[in-house]
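All residue numbers refer to positions in the sequence shown, counting from 1.
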Amino acid sequence: MKFTYYGHSCFSVEIKEKNILFDPFITYNELAKDIDVDAIKADYILVTHGHSDHIADCVSIAQRTGALVVSSFEVCEWLKKQGVEKTHPMNTGGKKQFDFGTVKCVVAQHSSAMPDVSYGANPLGFVVMSEEGDFYNAGDTALTMDMQLIPKWAKLKFAILPIGDNFTMDAQDAIWASDMIECNDIVGVHYDTFGYIKIDHQKAQDDFKAAGKTLLLPKIGETIEI
Ligand code: NI
Ligand code: MN
């Protein structure tokens, strides 16, 4: 699978020639200033929760591309009010088959409110199961025992975990999460964007290596084969 990183928790994965974009936040991310937001392709946009650092560019990209936005019911209702026409509402525990594969919504231990501070429902993680492989996007979350359930549903090829600390797990918690989800190839996200979440890349990668795991930290704008 092709994985392209757009900074913070925003990335896209290409499956069966469909572009699945997660948590679009580019315009307001100083570190992503070289990304041309109008050039990003999306057939689907999956949004984990309502915080602006996960949704800020969702309306404009959805309107330009006509992508189907998949998120919690409440986030979808808010997006409809902002003029997004194509949404698919879900909630924790539910799964739905799309043409690229199946998406299952799982627990994320965090909070959620919309950018205008209206109610944002519970945050989600997504497990994506496809013919090209399965992966897990944890969203913003603490380390939680619920992660142990994920191998019951999917044999993960890779997982995207937050590592920035302060608002989410840190790299050490992500190592323990990687044990629970039975997946050793981790892409780290949700770090460096703000002062609170600046991390030591080398130390994080060394700690993963010492645990027999790989922490991938693609550059913003970089596409990797995973
Ligand atoms: Ni958040
Ligand atoms: Mn966040």
Side-chain angles (χ1 to χ4, degrees), residues 1-29 32 35-108 110-130 132 134-141 160 162 187 189-190 193:
M1 271 177 274
K2 262 197 195 119
F3 177 103
T4 303
Y5 188 48
Y6 294 114
H8 201 51
S9 291
C10 182
F11 57 90
S12 74
V13 176
E14 195 184 313
I15 305 171
K16 285 182 154 181
E17 290 169 5
K18 300 285 180 191
N19 288 287
I20 302 121
L21 180 69
F22 292 79
D23 287 359
F25 170 72
I26 296 126
T27 309
Y28 303 97
N29 181 359
I35 301 292
D36 178 4
V37 73
D38 294 324
I40 294 176
K41 292 183 202 160
D43 298 292
Y44 295 86
I45 304 173
L46 272 60
V47 177
T48 58
H49 64 296
H51 288 158
S52 58
D53 60 319
H54 297 259
I55 204 170
D57 289 301
C58 183
V59 174
S60 66
I61 297 176
Q63 286 176 334
R64 175 178 55 80
T65 60
L68 177 69
V69 183
V70 178
S71 191
S72 65
F73 173 80
E74 291 83 350
V75 170
C76 288
E77 289 297 301
W78 184 86
L79 287 168
K80 285 197 303 202
K81 282 187 206 146
Q82 317 301 313
V84 174
E85 285 175 8
K86 290 167 64 188
T87 61
H88 180 83
M90 297 186 72
N91 212 329
T92 320
K95 66 177 182 310
K96 169 74 183 171
Q97 193 180 345
F98 298 99
D99 58 2
F100 62 87
T102 297
V103 174
K104 187 171 178 76
C105 298
V106 297
V107 167
H110 189 65
S111 61
S112 177
M114 307 314 300
D116 59 8
V117 300
S118 60
Y119 180 59
N122 293 328
L124 302 173
F126 295 117
V127 179
V128 177
M129 294 160 272
S130 80
E132 296 178 24
D134 302 347
F135 66 95
Y136 165 49
N137 177 24
D140 282 6
T141 185
I160 300 96
V187 181
V189 297
H190 213 273
T193 319

> Would you indicate whether the side-chain heavy atoms of Val47 and Asp23 approach each other to under 4.5 Å?
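The answer is yes, as the side chains (C-beta and beyond) meet within the 4.5 Å cut-off.
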
> Can you name the residues that form a side chain to side chain contact (heavy atoms under 4.5 Å, CB included) with Ala42, not counting sequence neighbours?
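Only Leu21, Ile45, Ile61, Thr65, Ala67 meet the side chain to side chain contact (heavy atoms under 4.5 Å, CB included) criterion with Ala42.
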
> Can you name the one residue among Val70, Val127, Leu124 that meets side-chain contact (heavy atoms from CB on, under 4.5 Å) with Cys105?
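Of Val70, Val127, Leu124, side-chain contact (heavy atoms from CB on, under 4.5 Å) with Cys105 is met by Leu124 alone.
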
> Salt bridge (Lys or Arg N to Asp or Glu O under 4.0 Å): which pairs involve residues 84-105, sequence neighbours left out?
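Listed once each, the pairs are Lys18-Asp99.
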
> Is there a side-chain contact between Phe22 and Ile160, using heavy atoms and a 4.5 Å cut-off?
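Phe22 does not reach Ile160 side chain to side chain.
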
> Please report the shortest heavy-atom distance between Ala108 and Gly125, naming the atom on each side.
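So the minimum-distance heavy-atom pair works out to CB-N, 4.0 Å.
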
> With a cut-off of 3.5 Å and sequence neighbours excluded, list every side-chain donor-acceptor pair involving residues 1-15.
| unit_1 | atom_1 | unit_2 | atom_2 | d |
| --- | --- | --- | --- | --- |
| Thr4 | OG1 | Thr223 | OG1 | 2.8 |
| Tyr5 | OH | His8 | N | 3.0 |
| Tyr5 | OH | His8 | O | 2.7 |
| His8 | ND1 | Thr193 | OG1 | 2.6 |
| His8 | NE2 | Asp53 | OD2 | 2.6 |
| His8 | NE2 | His190 | NE2 | 3.3 |

> Answer yes if the side chains of His54 and Asp140 hold a donor-acceptor pair under 3.5 Å, and no otherwise.
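Per modelled atom types, His54 and Asp140 side chains form a pair under 3.5 Å.
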
> Taking Ser112 for its side chain and Gly120 for its backbone only, find out whether a donor-acceptor pair lies under 3.5 Å.
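At least one qualifying donor-acceptor pair exists.
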
> Apply side chain to side chain contact (heavy atoms under 4.5 Å, CB included) to Lys80 and list each qualifying residue two or more places apart in sequence or on a separate chain.
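Expected list: Glu77, Thr87.
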
> Can you tell me how far apart CD1 (Ile20) and CZ (Phe98) are? Round to the nearest 0.5 Å.
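Result: 10.0 Å between the selected atoms.
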
> Can you list the residues that meet the side chain to side chain contact (heavy atoms under 4.5 Å, CB included) rule with Ala56, with sequence neighbours excluded?
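Here the qualifying residues are Phe25, Tyr28.
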
> Residues in side chain to side chain contact (heavy atoms under 4.5 Å, CB included) with Gln82, at least two apart?
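Scan of Gln82 (side chain to side chain contact (heavy atoms under 4.5 Å, CB included), adjacent residues dropped) gives Val59, Trp78.
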
> Do Thr48 and Phe126 have side chains that get closer than 4.5 Å, going by heavy atoms?
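Thr48 reaches Phe126 side chain to side chain.
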
> I need the minimum non-hydrogen distance between Ser111 and His49, along with the two atoms involved.
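Shortest heavy-atom separation between Ser111 and His49 comes out as O-CD2, 3.5 Å.
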
> Of all heavy-atom pairs between Asp134 and Met129, which one has the smallest distance, and what is that distance?
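Reported closest heavy-atom pair: OD1-CA, 3.2 Å.
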
> Between Asp43 and Glu17, which heavy-atom pair has the shortest distance, and what is it?
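Of all heavy-atom pairs spanning Asp43 and Glu17, the closest is OD2-O, 4.1 Å.
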
> For the pair Asn19 (side chain) and Lys41 (backbone), establish whether a donor and an acceptor sit closer than 3.5 Å, ignoring hydrogens and angles.
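Checked: no pair found.
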
> Nearest heavy-atom pair of Arg64 and Ala39: which atoms, and what distance?
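Distance-wise, the nearest heavy atoms are NH2-N, 4.3 Å.
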
